[in-house]
Amino acid sequence: MSKDPEYDRMLAGKLYVTDKIKEFNREWPGKRLVQRINQLPADHVHEIIALERRIFQGEHDNVFVQPPFEVDYGRHIKVGRNFYCNVNAVFLDTNWITIGDNVKIGPRVNLLTAGHPVDAGVRTDLLEFARPITIGDNTWLGGNVTVLPGVTIGSNSVVGAGAVVTKDVPDNVIVVGTPAKVLREITDADREYWERQADEYYLD
């Protein structure tokens, strides 16, 4: 039998009550660590990165989250290589947040694995749930994007600024709006245009 069945229920996506989670599994260590990060001077980059390695599990090759940011538990977040996240992000990691390689995230983005029952009676009993979020390789989330519980965002996709992502996003598309919907596919014409722009940059 588990030493903490309520915590197990949380990670399994089942209804649970936060206050019933055992003290050794509570969110306080992660929150205290992020408070330390957020209080460091902005130019103490090496110290910030060293502390962030304790929050963001993964390869840690070229990974940086610009403070300030917030977490829930601070131990259910896995990131790939070449990850950059701008300021004021919220990683509500009540369940796992898994982020692929080469992902860029704009300012004030919310990755929210936590949810509450629609029925008020159940909700007022303090029952809640949490479902994982997955973000594929090479994605870009614009500023003020919100990703809701249980959503998977495909590789190479772009989520436009201000979008609220309530459903899975396929690979190689641009999604915008509230709720987010596919605007169009990302095509060879896009790749060719941006490769020409890059070539001009390197030639200048």
Side-chain angles (χ1 to χ4, degrees), residues 2-4 6-8 10-13 18-19 21-114 130-159 161 165 198 201:
S2 171
K3 294 182 179 179
D4 195 348
E6 209 73 14
Y7 180 76
D8 293 343
M10 179 182 79
L11 291 180
T18 296
D19 289 346
I21 292 174
K22 305 294 186 185
E23 190 63 27
F24 62 82
N25 272 331
R26 290 300 298 271
E27 64 272 31
W28 313 124
K31 288 187 178 297
R32 287 194 295 267
L33 182 54
V34 169
Q35 283 180 335
R36 285 178 58 192
I37 293 168
N38 290 341
Q39 290 168 1
L40 285 169
D43 59 349
H44 287 212
V45 175
H46 293 297
E47 189 176 354
I48 290 169
I49 290 173
L51 291 174
E52 288 183 351
R53 287 173 183 260
R54 296 165 57 182
I55 296 287
F56 299 102
Q57 302 180 33
E59 298 293 337
H60 295 133
D61 291 343
N62 193 26
V63 169
F64 185 64
V65 176
Q66 181 72 54
F69 65 95
E70 296 294 337
V71 299
D72 195 352
Y73 281 76
R75 65 173 180 267
H76 305 134
I77 309 166
K78 184 173 182 180
V79 301
R81 298 176 180 87
N82 304 318
F83 174 57
Y84 175 75
C85 179
N86 215 317
V87 297
N88 291 318
V90 175
F91 299 88
L92 205 65
D93 63 318
T94 318
N95 207 316
W96 279 97
I97 297 172
T98 304
I99 298 171
D101 295 337
N102 308 311
V103 171
K104 295 189 183 301
I105 291 181
R108 297 177 298 278
V109 165
N110 303 300
L111 304 180
L112 311 179
T113 68
R131 294 181 183 142
I133 288 172
T134 302
I135 299 174
D137 296 340
N138 312 313
T139 58
W140 170 29
L141 277 60
N144 290 299
V145 165
T146 296
V147 182
L148 296 189
V151 166
T152 294
I153 297 175
S155 295
N156 308 310
S157 288
V158 174
V159 181
V165 188
Y201 169 82

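This is a predicted model, so every value here is computed, not measured.
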Chemist: By side-chain hydrogen bond (donor to acceptor under 3.5 Å, both in side chains), which residues pair with N138, not counting sequence neighbours?
Modeler: N102, N156
Chemist: What's the verdict on side chain to side chain contact (heavy atoms under 4.5 Å, CB included) for L51 and L40, showing C-alpha distance, side-chain angles and the deciding distance?
Modeler: CA-CA 11 Å; L51 291 174; L40 285 169; 3.8 Å; yes
Chemist: Which atom pairs, one a donor and one an acceptor, fall under 3.5 Å between side chains of residues 22-29 and the rest of the protein, sequence neighbours left out?
Modeler:
unit_1	atom_1	unit_2	atom_2	d
E23	OE2	W28	NE1	3.4
N25	ND2	D4	OD2	2.8

Chemist: Quick one: list whatever passes side-chain contact (heavy atoms from CB on, under 4.5 Å) with K104, sequence neighbours left out.
Modeler: W140
Chemist: Is it the case that the side chain of Q57 and the backbone of H76 share a donor-acceptor pair, with hydrogens and angles ignored and the cut-off at 3.5 Å?
Modeler: no
Chemist: Quick one: which of I133, L92, I77, V90 gives a side chain to side chain contact (heavy atoms under 4.5 Å, CB included) with L111?
Modeler: I133
Chemist: Could you pull out all residues at least two apart from F83 that satisfy ring pair (Phe, Tyr, Trp, His ring centres under 6.0 Å)?
Modeler: none
Chemist: Between V34 and F91, does a side chain to side chain contact (heavy atoms under 4.5 Å, CB included) hold up when you go through it step by step?
Modeler: CA-CA 11 Å; V34 169; F91 299 88; over 6 Å; no
Chemist: Which heavy atom in A114 sits nearest to a heavy atom in P149, and how many Å separate them?
Modeler: O-CG, 3.3 Å
Chemist: With side chain to side chain donor-acceptor pair (under 3.5 Å) as the rule and sequence neighbours excluded, what pairs involving residues 31-46 come up?
Modeler: H44-E47
Chemist: Closest heavy-atom contact between Y7 and I21?
Modeler: N-CG1, 4.0 Å
Chemist: Quick one: pull up OG1 in T18 and CE in M10 and give me the separation to the nearest 0.5 Å.
Modeler: 7.5 Å
Chemist: As an exercise, state the distance from CD1 of I49 to CZ of F64, rounded to the nearest 0.5 Å.
Modeler: 6.0 Å
Chemist: Has the side chain of D137 got a donor or acceptor atom that lies under 3.5 Å from a matching backbone atom of D101?
Modeler: yes
Chemist: Taking side-chain hydrogen bond (donor to acceptor under 3.5 Å, both in side chains) as the test, write out the residues that go with T139, two or more places apart.
Modeler: none
Chemist: Drop me the distance from I37's CD1 to E70's CD, to the nearest 0.5 angstrom.
Modeler: 10.5 Å
Chemist: Rounded to the nearest 0.5 Å, what's the gap from CD1 on I55 to CZ on F69? Could you check?
Modeler: 6.0 Å
Chemist: Sort and list the pairs that fulfil side chain to side chain donor-acceptor pair (under 3.5 Å) and have at least one residue in residues 83-95, not counting sequence neighbours.
Modeler: D72-T94
Chemist: Who are the side-chain hydrogen bond (donor to acceptor under 3.5 Å, both in side chains) partners of T146, not counting sequence neighbours?
Modeler: N110
Chemist: Nearest 0.5 Å, what's the OH-CD1 distance between Y73 and I97?
Modeler: 13.0 Å
Chemist: Please round to the nearest 0.5 Å and tell me the distance separating atom CD1 of I135 and atom CD1 of I99.
Modeler: 4.5 Å
